[in-house]
Structures are given as structure tokens and as C-alpha cells.
Amino acid sequence: MYTQGLDQKDKPAGTPQGAETPGQVEAFQDRIDAEDKIEAKDWMPEAYRRTLIRQISQHAHSEIIGMQPEGNWLTRAPTLKRKAILLAKIQDEAGHGLYLYSAAETLGVSRAQMVTDLLSGKAKYSSIFNYPALTWADIGAIGWLVDGAAIMNQIPLCRCSYGPYSRAMIRICKEESFHQRQGFDILVALCNGTDEQKAMAQDALDRWWWPSLMMFGPSDNESKHSAQSMAWKIKRFTNDELRQKFIDVTVPQAEFLGLKVPDDELEFDEKTGHYRHGEIDWQEFLDVLAGNGPCNRQRMAKRRKAHEDGAWVREAARVYAEKHAAKDAA
Amino acid sequence: MSDKEWPLYEVFIRSKSGLSHRHAGSIHAADDQMALDAARDTYTRRNEGVSIWVVRSSQIVASDPAETAAFFEPAEDKIYRHPTFYDMPDGVENL
């Protein structure tokens, strides 16, 4: 899961660093332009490093917080099979968070620092996870739409110029398509079910459609860091390009399910071969980002509590390890 | 209660017998056994491995990327180490 253009909160990129000479910066850009991958200990501009730390850690946080809306349904999955599948998916999200934290750590930020920033509210995560999963159909919609949007975002990241991030994304993308399919599978079952079940699926689509489109981030003329990220080949497509691709592939899937996309202006444009869509409510996006979505406080409270509740386990493991290390040394 | 960070381990996985172990990523763990268990749960949820090595990241000695050119320079001018350096006369086979 994840990503969205959360990058608009950053300080201006490219703060001059005394140690960076124009020659170094130019040689770096030449490597990027030649599609060479940048590895952990290679020289890189400070702004490139900071951009990646911010993006990768936000991505990791999103995976971790993203377990919550789904975890909400674990004990109420309709069958044992669905429960086992959901459990496997949530475990994958935890795994994805871990791949990404370790990729971010190669840039010189500590795991403890990233966790502290998440818990203090300083770091952001994808705002899609601040929406509640109200019914079982939401679990279907999350897999289909939220993971679907994430895949759109993540596939180009497999070619990102930073090696450790690119490798983490390749691993994640391999696992992600299971997530999307299991979601669609849930909705197929509901849409072939009773009228009430189908209405539940429609309701989930109604609530998740627009937030899923917002996952691609602000539109291109509002997105401040797109150009630099594109030049660095961290990003390969703009927010609007990816959003359009997502709409183009997803609308026919909704039609297959017999569900109506909640956008009266949605229309296929024969000339361009793309769907035209209605205006996105960017005020809602900004509100959720600012902390005022339906579940922001609940998500953070739960994450903090989980961290605090686990403190004794971490402490015990550390003491045990120290005791045995001392014994082995003796 | 202290929240000191657990040490970092690098994870190497052999995907099947006959292949080398390959770097998969890293994890934090309090001790070696926990590192192995966590590496299994993190990196082999879909049978990606038949063997795992974990090693404390602090124990790895690595070449310096800033010195790459100089470090590998000795191999640069020895093209005669490659079979393609030698022109074989026409008519000679199995060589």
C-alpha cells in the first residue's frame, strides 16, 4: 500500500551545503541521467538524501498505519478462508514497512528516529488510512482501490534511481498484486450476492473512490517537488499521469462488478482514449492531511499505545541478549 | 525503561540449493536467533529461501565507494585476461 504526494510539506529542496561543489552535483546528475543506480554510501547531494529519507520513511509509516483499518476486520471476517487471507495481507504490510525502514536507514537516519517522528506526529503517512473501514465490503474496496492506486504509484518506483529503495519496491510490487486481487475477489462475491450485499459493495465504492484518487497527491500544477524528483529519477510520472492511468484501468473493473463510480462527470473521451473525471475536493485532502480526517487521532493513539505496550517486550529481549552475550564471553 | 535500538543485521538468502546466498535487506534484532527468526518472517513469507545467513551490519568490511576507481584500477589494463583478446587463426576449431 501507500503512496501519495505528501511531499508538499517539506522545506525548500536544495538548501545549499558548504561541502557540495558544482562539479560534484553535476557528476551526480550525469550518473542519474545515464540511468546509473545510486547506492547507500555513494556521494549524493544533501537534498537528494533528505527527499529520499522523507519519502521512504513516509512510505514505511503508511504501511504500518495501513494495518489498522484492515486489522479492524480480522475477527469479523465472514469465513475462515477470508480471515487467513486477510491475516496474510496484513502481515505483508508489516513486512513492507520493514523493507522500507531498512532502505531508509541506508541513508543515515536511524530506525528509532523514524519511529519517534511517526509517534510524535512530525512524520506523515498516507492520508487514505485516516478513513474508517466501516463494513466488510470496505476490506474489498481497500484491496481493490487503495492497493490498486498504490501499485500504480509503486511500479515506476521499482526503477527509482536509489538502489535500496528500488530493490525494496520490486519486492513489494511482487506481493502487492495478491492484495489487489483478494480485494476484487471480495467484491465479486458481494456483487454476486444478495441485493443487500451488492448495496454494501456500492456503498464502499462510494466512500473509497475519491480518497483513492487523492492518493496520487496534488495535481501537477500544485505539486512543488515533482520536477526535482523527476530530474533525480525518484519519480518517473507525474501525479496526474498516474491518477489518469488508475482511472482508466479501474472504471471498466467497476463496470464488470456492476457498480457505479460516484462521479457524475465521468465520461470516456473517444478522442484521447482516456476517461474525463470530475473535480477532486482538494479541501478534503488538505483537511485530512492537516490531521482532521475521520480517524487521524484514533490511528495515532492506537500506534502510540501499541508502541508503549510493546516496550517491556523490547526491553526483555535486550536484557536477555545482554545476559547471554555476557555468559558466552565468560 | 530504556528504548535502546537493537543492533542491525544484514540478511542473505539462498533461494534454492545450487545458488549463492544473496543480500535481501536488513532487520533489527536483539540477538542472533531473533535475527534469524525475524529474517525468515520478513524476507521468506513465500518460500523465497532454503537457507538464511544473518550477520551484524557492524561486522561487514566494505570497500569505499569514493575509492572505487582506484581500488579496481589494477584490473582495468589487463584485457589479455579475457579470451576475446586473442585472435584465433581461421580453421582452428575447439579453442
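Below, chains carry the letters A, B, ... as their sequence lines are ordered, and counting in each starts from 1.
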Enquirer: Which heavy atom of B:Ala30 sits nearest to which heavy atom of A:Ala317, and what is that distance?
Expert: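 Shortest heavy-atom contact: CB-O, 3.6 Å.
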
Enquirer: Using a strict 4.0 Å threshold on nitrogen-to-oxygen distance, state whether A:Asp92 and B:Arg45 make a salt bridge.
Expert: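 A salt bridge is present here (some side-chain N lies under 4.0 Å from a carboxylate O).
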
Enquirer: Taking atom CH2 of B:Trp6 and atom CZ of A:Arg318, what is their separation to the nearest 0.5 Å?
Expert: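 These two atoms lie 10.0 Å from each other.
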
Enquirer: Heavy-atom count around B:Lys78 NZ within 6.0 Å, excluding the residue itself: above 12?
Expert: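 Check passes, neighbour count above 12.
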
Enquirer: Between B:Ala66, B:Ser26, B:Ala62, which shows the greatest number of heavy-atom pairs under 4.5 Å with chain A?
Expert: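 Sorted descending by pairs with chain A, the first entry is B:Ser26.
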
Enquirer: To the nearest 0.5 Å, tell me how far A:Arg171 CZ sits from B:Thr42 OG1.
Expert: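 Answer rounded to 0.5 Å: 9.5 Å.
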
Enquirer: Please look at A:Glu322 and chain B and tell me whether the side chain, the backbone, both or neither of the residue comes under 4.5 angstrom of a heavy atom of that chain.
Expert: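 Interface part for A:Glu322: side chain.
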
Enquirer: How far does OH of B:Tyr43 sit from OG of A:Ser102, to the nearest 0.5 angstrom?
Expert: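 With rounding to 0.5 Å, OH (B:Tyr43) is 3.5 Å from OG (A:Ser102).
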
Enquirer: Please state whether the side chain, the backbone, both or neither of A:Ser110 comes within less than 4.5 Å of a heavy atom of chain B.
Expert: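 Interface part for A:Ser110: both.
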
Enquirer: Starting at NZ of A:Lys41, measure out to CG of B:Asp64 and round the result to the nearest 0.5 Å.
Expert: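 With rounding to 0.5 Å, NZ (A:Lys41) is 10.0 Å from CG (B:Asp64).
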
Enquirer: Contact part of B:Glu48 toward chain A, heavy-atom cut-off under 4.5 Å: side chain, backbone, both or neither?
Expert: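 Contact with chain A: side chain only.
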
Enquirer: Quick one: what part of A:Tyr320 sits under 4.5 Å from any heavy atom of chain B, side chain, backbone, both or neither?
Expert: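 Contact with chain B: side chain only.
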
Enquirer: I need the B:Asp31 CG to A:Lys323 NZ distance, nearest 0.5 Å.
Expert: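 Between B:Asp31 CG and A:Lys323 NZ, I get 12.0 Å after rounding to 0.5 Å.
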
Enquirer: Side chain, backbone, both or neither: which part of A:Glu39 has a heavy atom under 4.5 Å from chain B?
Expert: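 Neither part.
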
Enquirer: Using side chain to side chain contact (heavy atoms under 4.5 Å, CB included), reason through B:Arg46 and A:Lys174 one step at a time and then give a plain yes or no.
Expert: CA-CA 11 Å; B:Arg46 289 172 175 75; A:Lys174 274 187 195 160; over 6 Å; no

Enquirer: Which bit of B:Ala38 comes within less than 4.5 Å of chain A, counting heavy atoms only: side chain, backbone, both or neither?
Expert: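 For B:Ala38, there is no contact with chain A at all, as no heavy atom is under 4.5 Å.
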
Enquirer: Does B:Glu5 come within less than 4.0 Å of A:Arg111, counting only side-chain N to carboxylate O?
Expert: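 So B:Glu5 does not pair with A:Arg111 through a salt bridge.
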
